[in-house]
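A quick write-up on the structure given underneath.
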Amino acid sequence: MENKQGSLKRALMNVSWLLAGKGVGAVLSLIYLGLAVRVLKSEGFGEFTLIFGTAQSVAAIVSFQTWQIVIRYGARHLLAGNEGALARLIGFCLGLDIAGAVAGCLIAWGGVTLLQPLLGWSDGLSHAALAFCSVLLLSIRSTAVGVLRVRDRYRIGAMADAATPIMRFIGAVAAVLWAPTVMGFLLAWAVADIFTAVIYWVCAQRVMPGFTRAMNLRTIWSAPDENPGIWRFAWLTNLNSIVGTGCNNMLVLVVGVATGAADAGHYRLAYQLSQALVRVSEMFARAVLPEFARSHATEDRASIRRLLGRSTRLAIGSTAIILVMLFALGQPVLHLMAGRESVGVFPLLLVLGIAAALDLIGVNFEPALLAIGHAGRALRVRLIRTLVLFAGLGAFMPHFGTMGVAVAMVMSSLLGLMLLAAAAWRAVRP
């Protein structure tokens, strides 16, 4: 019985460390977002939101989610005791991160040039947007995250992850005191990303001090030969990132272009709070993925099914509790953060919260598919739900504005949950 439950216990322990780091971040994020909303007002916060959304969209387009690659293939090398192959895999993933960051800077330049007339940005704001995008893209840490997680160093990862909200909080206070402008808050967020990336790589080096010796151009390109299917998996995770995270961030830009910066700011505020649910789901997904990968590496299909069933039941229970908290505390938190400007945001928050709850229920299905080599199925589900999302935008947004966007997200999340559940259980059946 202990062996049967060990994977879930490890996953829950890892989630507890992630929650410890994110718990600090959740409290601080309410404070620094509240400062940004109150200081910048609707229009300024909307401009800040649109620039941040642009950077996140470009990052999603060029992301290979290398932390998933490190876990997917590194678990097998760890079980075999092949530290050299693991180090070469890490070097290969870092190479993908760097290539993506450089490509992203070029895409960001084109994107900012295109968006400037559509969003009415001044030349100064456009230059600030491009600089911010470049910093966000070049603050590479995905591979370092994978190093910590494949070795079950979630406690260290939680401390590293807490650097972002702590630095944003410090930066937001500094911006309020000395530079209460959009550019001041952008600078604060940029410094936080740089600091977090440095912390992650220092931690990765301490957890696996020998991996840098194998990270040279003559050896890392042997990683594809040592990890069959890695290129296909990398491109599938990239496409998954584009149609998942990328499209969600692009919705802010769609709202900004269609209805203006102020509405984009309101949508972002509601979306940010609803994402508290998604952050919980992301933490659980990141913690449970290594357990699926280990079970797959040992060809223990029965263990995968047990872990999938137990984690699904846990996700359903967690979703019910968090939804009750959202309905009870959402309006007071909004009022505390944004004051009177939050009056019309609460209904939007509730609908977006329902969409996030549906994503949380299905949190473990995609990691299960990724870990056992069915990234293509996960991508197909993402593509279908994205098509439904944009069809919903076309149908509802012209009539209902930002609420139409939220309704489209609920439709997309519900369909995604049903399709992912069917695909995951079909993949792990005997």
Output the distance between atom [atom1] ([X]) and atom [atom2] ([Y]), rounded to the nearest 0.5 Å.
X: Arg268; Y: Leu50; atom1: CZ; atom2: CG; result: 10.0 Å
X: Trp235; Y: Leu239; atom1: CH2; atom2: CG; result: 8.0 Å
X: Phe48; Y: Leu40; atom1: CZ; atom2: CG; result: 7.5 Å
X: Ile90; Y: Met208; atom1: CD1; atom2: CE; result: 4.0 Å
X: Tyr267; Y: Leu348; atom1: OH; atom2: CG; result: 7.5 Å
X: Gln56; Y: Leu253; atom1: CD; atom2: CG; result: 10.0 Å

Between [X] and [Y], is any pair of side-chain heavy atoms under 4.5 Å apart?
X: Asp161; Y: Tyr200; value: yes
X: Asp123; Y: Gln116; value: yes
X: Glu226; Y: Leu89; value: no
X: Phe195; Y: Ile166; value: no
X: Arg168; Y: Val191; value: no
X: Trp67; Y: Leu148; value: no
X: Cys203; Y: Arg153; value: no
X: Met167; Y: Thr196; value: no

If you look at every heavy atom in [X] and [Y], which pair is closest and at what distance?
X: Leu349; Y: Leu334; result: CD2-CD1, 3.7 Å
X: Cys105; Y: Leu138; result: SG-CG, 4.2 Å
X: Leu326; Y: Gly353; result: CD2-CA, 3.5 Å
X: Trp121; Y: Leu125; result: CD1-CD2, 3.5 Å
X: Ile156; Y: Val207; result: CD1-CG2, 3.8 Å
X: Ile69; Y: Phe64; result: CD1-O, 3.7 Å

Let me check something: any side-chain donor-acceptor pairs from residues 414-421 under 3.5 Å, sequence neighbours excluded? List them with distances.
none

May I have the list of side-chain donor-acceptor pairs in residues 94-103 shorter than 3.5 Å, sequence neighbours left out?
residue	atom	partner	partner atom	Å
Asp97	OD1	Thr66	OG1	2.9
Asp97	OD2	Thr66	OG1	3.0
Asp97	OD2	Thr143	N	3.3
Asp97	OD2	Thr143	OG1	2.6

Scan the side chains in residues 175-190 for donor-acceptor partners under 3.5 Å anywhere in the protein, sequence neighbours excluded, and list what turns up.
residue	atom	partner	partner atom	Å
Thr181	OG1	Gly184	N	3.1

Is the backbone N or O of [Y] less than 3.5 Å from a side-chain atom of [X], with the two atoms forming a donor-acceptor pair by type?
X: Asn227; Y: Ile230; value: no
X: Ser241; Y: Thr237; value: no
X: Asn238; Y: Ile61; value: yes

Contact list for residues 127-146, test salt bridge (Lys or Arg N to Asp or Glu O under 4.0 Å), sequence neighbours left out: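 Matches after skipping sequence neighbours: Arg141-Asp193.
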Evaluation steps, side chain to side chain contact (heavy atoms under 4.5 Å, CB included), between Arg377 and Val381: CA-CA 6 Å; Arg377 295 186 186 182; Val381 172; 5.8 Å; no
Residues in side-chain hydrogen bond (donor to acceptor under 3.5 Å, both in side chains) contact with Asp225, at least two apart in sequence or another chain: none
Could you list the donor-acceptor pairs under 3.5 angstrom formed between side-chain atoms of residues 385-393 and any protein atom two or more places apart in sequence or on another chain?
residue	atom	partner	partner atom	Å
Arg385	NE	Ser412	OG	3.3
Arg385	NH1	Asp359	OD1	3.4
Arg385	NH2	Asp359	OD1	3.2
Arg385	NH2	Ser413	OG	3.2
Thr386	OG1	Val243	O	2.8
Thr386	OG1	Arg382	O	2.7

